[in-house]
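Structure record follows, encoded as structure tokens.
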Amino acid sequence: MREVHPREILIATIARLLDGVRHVAVGASSPIPAAGAMLLRAQKKRAGAPPVRLSILGSVEHNFFTNGSAELFDCAGQGRIDAFFLGGGQIDGRGNINLVGAGEYPGSTPRWPGSFGSAYLYFVVPRVILFREEHSSRVLVETVDFTSAPGTSEDGVYRTGGPAALLTGKALFSFDKTRPGFTLESLHPGHDLAEVKAATGFGFAHAGSPKQTEAPDRATLDLLRGQIMDELSETYPDFASRLRSETAA
Amino acid sequence: MREVHPREILIATIARLLDGVRHVAVGASSPIPAAGAMLLRAQKKRAGAPPVRLSILGSVEHNFFTNGSAELFDCAGQGRIDAFFLGGGQIDGRGNINLVGAGEYPGSTPRWPGSFGSAYLYFVVPRVILFREEHSSRVLVETVDFTSAPGTSEDGVYRTGGPAALLTGKALFSFDKTRPGFTLESLHPGHDLAEVKAATGFGFAHAGSPKQTEAPDRATLDLLRGQIMDELSETYPDFASRLRSETAA
Amino acid sequence: MDLREMARRVEPGMLLALPVDYAGVSMAMTKPLIEHGAGDLRLFCVPTGGLQVDQLIGAGLVRSIETSAVSLGEAGGAPRFNQAIREGTIAIRDATCPAIHAGLMAAQKGNPFQPMRGLIGSDILRFRDDWRVIDNPFADGGDPIVLIPAVKPDIAIFHAPMADRHGNVWIGRRRELAAMAYASAQTLVTVERIVDENLLASEMSAAGTLPSLYVTDVALAPRGAWPYGLWGEYPTDTAEILRYAKAARTPEGFAEYMASSGASSMASSPATSPSRPALEPAQ
Amino acid sequence: MDLREMARRVEPGMLLALPVDYAGVSMAMTKPLIEHGAGDLRLFCVPTGGLQVDQLIGAGLVRSIETSAVSLGEAGGAPRFNQAIREGTIAIRDATCPAIHAGLMAAQKGNPFQPMRGLIGSDILRFRDDWRVIDNPFADGGDPIVLIPAVKPDIAIFHAPMADRHGNVWIGRRRELAAMAYASAQTLVTVERIVDENLLASEMSAAGTLPSLYVTDVALAPRGAWPYGLWGEYPTDTAEILRYAKAARTPEGFAEYMASSGASSMASSPATSPSRPALEPAQ
């Protein structure tokens with residue numbers, strides 16, 4: 001068995017984080033979350049468990065929506081979407097995310113595209129997974145420069161959703177909304193606590209010697225490298241062929 | 001030329017009342033309003049005037065809507081419907097209408113179907129024509145037992161629409177919202193002021209010797225008995241054939 | 001899925017959303033619902049009710065109804081509804097069509113309410129203690145506006161021309177059927193036919209499709225709107241509705257009508273049994 | 001109707017509603033709009049903007065923009081937009097997608113506002129003095145909720161696969177295009193083709209049709225979304241968008257790109273020239 005690719009760790013971790021969802025939506029250009037959701041769907045199907053529904057926004061293949069671009073948000077508002085992924089140019093230690101820009105608003109430099117649906121979905125999707133491969137103190141900051149959506153809300157604010165986890169290229173964190181703050185759950189293979197601390201602009205809770213992020217077992221890896229890459233290549237052909245060539249090395 | 005049928009007077013009067021509208025909607029079982037709108041549409045087309053659009057609710061032929069049964073109300077709320085027809089089990093002297101029932105609510109006896117969209121359309125369609133063939137003190141009452149929709153609203157209440165006229169089998173009234181109240185405009189042929197007063201449960205303003213409702217001229221009557229009856233029979237075959245046989249006598 | 005099995009999803013006290021007569025009423029479900037017998041139902045008519053509502057009321061299954069109207073159209077008033085109102089045996093919440101749509105839209109959007117114009121000064125509003133009036137916060141003062149709370153039916157039930165084997169249902173331009181499904185916890189659909197192609201596979205059919213995401217169960221019921229018509233499929237059987245209207249003037253006449261073959265064949269014919277693929281229309 | 005003629009409907013200072021890149025952007029109208037030159041435009045992106053928005057900004061026609069994002073997708077940030085933000089030459093009102101939809105929905109319903117959940121505690125809300133927060137009147141107290149005011153664009157502009165000779169436009173499942181048209185005073189549509197049959201005549205095509213009632217003008221513009229793709233028709237020309245992204249990093253590069261044949265061919269191609277058979281809808 002070949003070495004496990006770092007992105008395969010991410011995909012398998014996402015599948016674990018999604019365990020139990022009935023319907024997960026992923027953004028149009030999110031191949032790793034999509035692959036994780038496809039992996040979970042395949043695992044559940046093999047186990048004869050209730051089906052997992054995956055909606056990929058902007059995809060024709062995986063578009064279950066017929067009411068325009070408002071339907072995703074309506075669907076989430078109805079409680080029909082259990083999990084979603086958000087990223088951000090900045091993510092801070094309280095789970096606040098910034099998709100708008102660095103520096104003083106509105107003259108943000110750099111300016112990022114904008115908040116998209118985050119200021120709604122972060123509130124109403126029960127299991128939001130913050131996903132950003134880049135793990136640096138540029139991205140993971142003490143305090144965001146602009147809050148596209150806050151990580152937590154005061155009591156009395158309607159909120160059925162929020163951050164469940166933060167997954168980066170180096171580590172996996174869970175989110176504790178009572179503190180609020182992140183807890184290091186595991187380090188991906190090849191990364192250590194000192195490195196992660198240095199690369200993280202906010203403080204986080206952690207065990208004395210953190211666990212290593214679980215690598216996919218052989219059955220999972222076979223599924224991932226076979227069926228899942230086939231499915232993925234329908235929607236993300238470039239990503240799938242790149243990952244395939246890198247794992248075939 | 002044969003005698004003018006009372007319903008032909010009504011149809012021609014409706015066409016006159018609608019003069020200037022761009023878009024008129026009529027209910028599913030409103031053949032006389034529909035015929036009036038069709039007549040106006042044909043007259044405008046012959047005159048090379050801007051087209052008149054007619055939506056007949058529940059009709060397949062004349063259904064311009066594709067967004068379900070909410071679209072009529074949305075369309076009216078957007079200001080895209082210039083005229084509509086409302087009736088009522090009771091209509092009172094202040095233009096209030098009752099489509100719910102006589103006697104004490106909720107145990108109304110008799111109970112009529114209900115208010116349908118009147119409590120909205122009466123507020124937002126600029127030219128609402130109250131149309132009820134039965135002209136009796138049972139229908140035209142001093143005060144309605146239940147207000148499905150009021151004839152006027154206090155200052156400060158959003159209202160871009162309301163009653164423009166009341167047309168019955170005996171007479172045509174205009175509505176003065178400042179009083180508020182009805183003014184007799186004309187009596188249909190064969191009816192006189194004393195009779196109309198006796199059959200009307202509310203007081204109304206009138207000239208000493210009211211005009212007679214204008215009968216359609218020969219060109220209008222030819223149009224009505226030819227093209228309009230053809231068009232009408234697509235949606236209201238029973239009504240059209242009955243009217244045809246009665247005017248052919 | 002068999003109609004009787006589908007009817008068992010309805011539990012006493014549930015809030016049922018039912019469509020207007022021309023949109024696709026699942027008349028085929030009426031008898032199974034009555035035979036199943038879950039009562040104390042609260043009906044929510046989108047936005048008006050007719051034959052099905054009258055029959056459920058006549059069968060004694062209805063506790064309350066929210067609607068903009070109930071009628072049999074050309075056949076006149078709805079006799080079992082009218083008697084129930086007269087005798088006070090059901091509670092009524094009179095509404096107006098766009099208020100019905102507003103309640104569903106609020107639920108569709110996950111909102112607690114939706115504003116709507118009109119209504120001010122009507123007795124509809126006066127009798128609705130579940131609605132609120134606020135001053136429009138965007139005006140300089142005054143400008144009262146009604147807020148309609150979200151309505152979340154337990155179950156929506158309707159009839160449509162077709163479904164595919166994935167549970168997607170083609171509703172065409174009858175978007176109120178989608179609105180009902182979005183707002184409701186469960187959606188039960190009867191259809192004229194099940195098609196082999198995936199309705200979401202072509203943009204043309206997808207445009208009129210309610211995705212299976214919102215559909216709990218689909219059952220085959222050819223001519224399942226009868227005696228109502230179904231747009232694009234078959235016309236209303238006005239004679240049959242007139243026959244009902246006449247019969248149902250009395251409770252006894254209603255009972256006889258409902259026991260007669262015409263009314264019961266939809267539920268008891270082999271057509272609706274799971275063992276029969278091809279279904280006969282009720283005549 | 002010719003594209004240049006259609007562009008003349010746009011007057012300085014108008015509020016324009018433009019669709020998201022995958023819904024049907026009328027890229028064919030971009031050059032005619034720039035040539036027409038009506039400036040001071042306020043853009044309303046439904047719910048995000050891309051290439052067209054960047055080009056209108058680059059051409060100096062834009063005073064302000066309301067959007068949930070502006071980007072070139074895989075090709076990265078929108079260079080003319082980003083520079084304008086950096087230099088403060090356009091005003092921005094950052095939103096979030098469902099707030100954009102809420103503003104249109106309020107206009108569609110003739111309502112002054114529409115509530116929406118979320119947003120509380122975000123800087124999006126903090127910078128929007130045109131939005132309001134009230135306590136939900138249906139709660140026992142507290143429960144703040146945002147109200148989004150109605151947005152009524154002067155003109156909506158989009159591209160669709162087809163229209164008929166009555167001016168009905170087939171938009172398929174891209175219902176946001178209908179929402180834009182409902183909310184807007186005028187709607188300008190470019191299409192791949194004009195069909196002979198009435199799109200409202202069959203229930204199948206009617207389900208995805210925006211009626212001519214809401215359509216001001218239709219013009220023929222084959223491949224009119226290029227370099228964007230059009231669902232069900234042709235894919236996005238990513239190489240061309242990358243070429244633009246690279247060129248438009250500087251004002252000079254942008255000017256050169258816009259003057260080049262690639263960008264102008266859509267406006268000057270014979271397909272859209274006035275000498276071609278007239279394709280005016282009935283309305």
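Chain naming here is simple, since letters A, B, ... match the order of the sequence lines and numbering starts at 1 in each.
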Shortest non-hydrogen contact between D/E176 and A/G68, atoms and distance: OE1-CA, 3.0 Å
Within 6.0 angstrom of A/R138 CZ, more than 12 heavy atoms from elsewhere: no
Residue among A/P150, A/G77, A/G101 with most heavy-atom pairs under 4.5 Å to chain D: A/P150
Does A/R111 use its side chain to pair, donor to acceptor, with the backbone of D/R86 at less than 3.5 Å? no
Determine, step by step, whether D/D94 and A/Y105 satisfy the side chain to side chain donor-acceptor pair (under 3.5 Å) criterion, reporting the C-alpha distance in whole Å, the side-chain angles of both residues, the deciding distance to 0.1 Å, and the verdict. CA-CA 10 Å; D/D94 268 283; A/Y105 185 81; 2.7 Å; yes
Per-residue tally against chain D (heavy atom, under 4.5 Å) across A/G156, A/A70, A/S153 peaks at A/A70
Interatomic distance, D/W231 atom CH2 to A/N63 atom CG [nearest 0.5 angstrom]: 11.5 Å
Rounded to the nearest 0.5 Å, what separates atom CD1 in D/I120 from atom CZ in A/R159? 11.0 Å
Other residues, nucleotides and ligands only: do more than 12 of their heavy atoms fall within 6.0 Å of CZ on A/R127? yes
Max heavy-atom pair count under 4.5 Å with chain A, selected residue of D/S122, D/G141, D/P47: D/S122
Please work out which of the three classes, parallel, tilted or perpendicular, describes the rings of A/F146 and D/F127, given edges at 30° and 60°. parallel
Need one label for A/F65: side chain, backbone, both or neither, based on atoms under 4.5 Å from any heavy atom in chain D. backbone
Around A/E133, counting heavy atoms of other residues, nucleotides and ligands shown, do more than 12 lie under 6.0 Å from its CD? yes
Pick one of side chain, backbone, both or neither for D/A95, based on which atoms fall under 4.5 Å of a heavy atom in chain A. backbone
Any chance you could measure D/S68, atom OG, to A/Y120, atom OH, to the nearest 0.5 Å? 13.5 Å
With a 4.5 Å cut-off on heavy-atom pairs, point out which of D/G121, D/S71, D/A84, D/A102 contacts chain A the most. D/G121
In this structure, OG1 of D/T96 is separated from CZ of A/F123 (nearest 0.5 Å) by 9.5 Å
Just checking D/E87: does its CD atom have more than 12 heavy atoms from other residues, nucleotides or ligands closer to it than 6.0 angstrom? yes
Rounded to the nearest 0.5 Å, the CG atom of D/L119 sits from the OG atom of A/S115 at a distance of 9.0 Å
Residue selection (most heavy-atom pairs with chain D, distance under 4.5 Å) from A/G103, A/S69, A/G107: A/S69
Kindly confirm or rule out a cation-pi arrangement of D/R117 over A/Y158, judged by NZ or CZ under 6.0 Å from the six-membered ring centre and within 45° of its axis? yes
Measure distances from A/T66 to the heavy atoms of chain D and classify the residue's part below 4.5 Å as side chain, backbone, both or neither. both
Close side-chain approach of D/I85 and A/P106, heavy atoms under 4.5 Å: no
Give a yes or no on whether A/E134 atom CD has more than 12 heavy-atom contacts from other residues, nucleotides or ligands under 6.0 Å away. yes
Is it the backbone or the side chain of D/M116 that comes under 4.5 Å from a heavy atom of chain A, or both, or neither? side chain
Locate the shortest heavy-atom distance separating A/S148 from D/I124; write the atom from each residue and the value. O-CD1, 3.6 Å
